[in-house]
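What's counted below: heavy atoms across the whole structure, side chains too, no hydrogens, waters or symmetry copies. Naming convention: chains lettered A, B, ... in sequence-line order (proteins, then strands); numbering from 1 in each chain. Since the model is a prediction, treat every value here as computed from it, not as a measurement.
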Amino acid sequence: MIFNNNIKFVAIFAGSIVFSGFAIAQPETTWRLQTAASTHWVEFAQGSELSKLAASYRAGGYETSAGQRVSFDPWYHPKFTETRLTWMTQLTPEFGVLWGAGTGERAQKYQISPSLKLGFIYQTPVGSGAHLSIRLTSVLGGRMAERPCLASYLEQEEYANVKVNCRLAAAQLQPAETLKYLTHALPPDRNNASIRYTVVF
Amino acid sequence: MKIVRNITVASLGFLAFTAVHAQTVQNWMSPEVGNAWSQGYKGAGVTVTVIDDFKSSKYYIGKLGGYTQIDLHGNFTKQEASLIAPLATLRTQDYYAGTAVGLNPGLNVLNLSYSMIARAGYAITQIGWNNQESSIIGHAKNGRAVVAKAAGNAGVVIGTPNAAGNVDYLGVALKGAASAIFVGALTTHGSTAAPASLASYSNRPGNDAVVQRQFLTVGVLGDKTGLNGTSFGAPIISGYSAILGSKFTQSTPTQIVNQLLNTARKDTIAGYNAATHGRGEASLTRALAPVSIQ
């Protein structure tokens, strides 16, 4: 497992919430794992970095050589936005396994494949009212693959129904060159490590 | 019979200083050029040969590369083509050289911002072309090179006498040639919101359907460059041809020419009619775009 893709260090000093001049201490139990061998739903997310990327393609378009507008929106508009769900199964008071899945996403000109998320979380006290938690997760699958279009140019046989990158078909690139710019990407957050230090006072 | 080579500048600009020029979209270029450049191909693999005045002592003042310069007509037309298609290979030949114009491997574009004038009344078969013009006419008729020919600045129909009673016989010879384009000048770049008009000096195709089919217009922004005339329209088409040639590497010169002609816009020209505007205003964006896509 590679942990260096997305490393976060979060130090939270919980409980210093001030209302009208007096402080309320946030309960210490907020940051403690609960009972062993229980499963909790911990995350629901609709949309991902890759689905945001695909959505950004929707705004584009160009005209054909005859002046007809070609909009990218129908090509990159999914019927269903990728949804990710994550659960945590707590095995000990300090240790839990994170697991989940993403539905993937599909439109006419791209697909984000379904994904599985696996990881763990470990939490340990590091002093009075302080905890250190480490969370490591990895996403399997979830690759985005953009599909080419078939374009015809110049009413010329050599350029009839050639495969092109739909978004770059009207650019100066040679039609075959545009295929190099098709998006084939893994989720940028596929490996995630975070360390959280919490002080409750 | 006396044939005179004539360059086709309609007016001059003012003096200033020299500076560096880069591959930037100049204020006289159509916005479509910048859009087309965005993916990097700018005429690579195409040879543009500019046949023009590179040796006389007749200097002009113009501002093409963002700075004002004093230069020969040919250096301006060459610079203009290179600014549109910066990665094209540029070659020059003085228009008095008289030697056959050779072609490089790959797509060739010949820029002719000059005319060959003689008294009206001769049949084209009576004109004794030298090797230079013979080769150019041959390349155009046989579709071996894109030939961008300035339409002329007499404000008359191509092939008819100007006010002095002279005719551009090079234009006459290129009528109906497979890969030749006559380039007329619009006063500005047209749009549907602000359509452009043909410059008063620009020659036009008239009622000859053959000339109409090979006549294209572009905006020549003399107010920005100090250089008016169809001389400065032809290099724009030469540059566009080079850009198209760098995308459509399997296309012949005739196919490149047809693509420019077939994708010209009529809706960006005020009061469009074929006798005045030929096929319309050249659109690089549309020429690069697919006919259909799915």
Chain B contacts, top residue of Gln156(A), Gln68(A), Lys109(A), Gln108(A) (heavy-atom pairs, under 4.5 Å):
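The option with the most such pairs is Gln156(A).
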Heavy-atom cut-off 4.5 Å, strictly under: side chain, backbone, both or neither for Ala169(A) against chain B?
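Its backbone and side chain both get close to chain B.
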Between Val164(A) and chain B, with a heavy-atom cut-off of 4.5 Å, which part of the residue counts as in contact: side chain, backbone, both or neither?
side chain
Rounded to the nearest 0.5 Å, what separation is found between the [atom1] atom of [X] and the [atom2] atom of [Y]?
X         : Y         : atom1 : atom2 : answer
Gln294(B) : Ser152(A) : CD    : OG    : 8.0 Å
Ser292(B) : Asn161(A) : OG    : CG    : 6.5 Å
Ile256(B) : Leu154(A) : CD1   : CG    : 6.0 Å
Gln255(B) : Glu158(A) : CD    : CD    : 6.0 Å

Quick check: closest heavy atoms across [X] and [Y], and the distance to 0.1 Å?
X         : Y         : answer
Ala289(B) : Glu63(A)  : CB-O, 3.1 Å
Tyr153(A) : Leu288(B) : CE2-O, 3.6 Å
Ser65(A)  : Arg286(B) : CB-O, 3.2 Å

Can you check whether Pro290(B) reaches Tyr159(A) side chain to side chain, under 4.5 Å on heavy atoms?
no
Is the number of heavy atoms from other residues, nucleotides or ligands under 6.0 Å of [X] [atom1] greater than 12?
X         : atom1 : answer
Lys78(B)  : NZ    : no
Arg106(A) : CZ    : no
Lys141(B) : NZ    : no

Residue pair Val70(A), Ile293(B): steps toward the side chain to side chain contact (heavy atoms under 4.5 Å, CB included) verdict
CA-CA 8 Å; Val70(A) 175; Ile293(B) 185 162; 4.1 Å; yes
Look at the side chain of [X] and the backbone N and O of [Y], then say whether any donor-acceptor pair between them is shorter than 3.5 Å.
X         : Y         : result
Gln174(A) : Ser246(B) : yes
Gln172(A) : Leu244(B) : no
Lys247(B) : Ala171(A) : yes

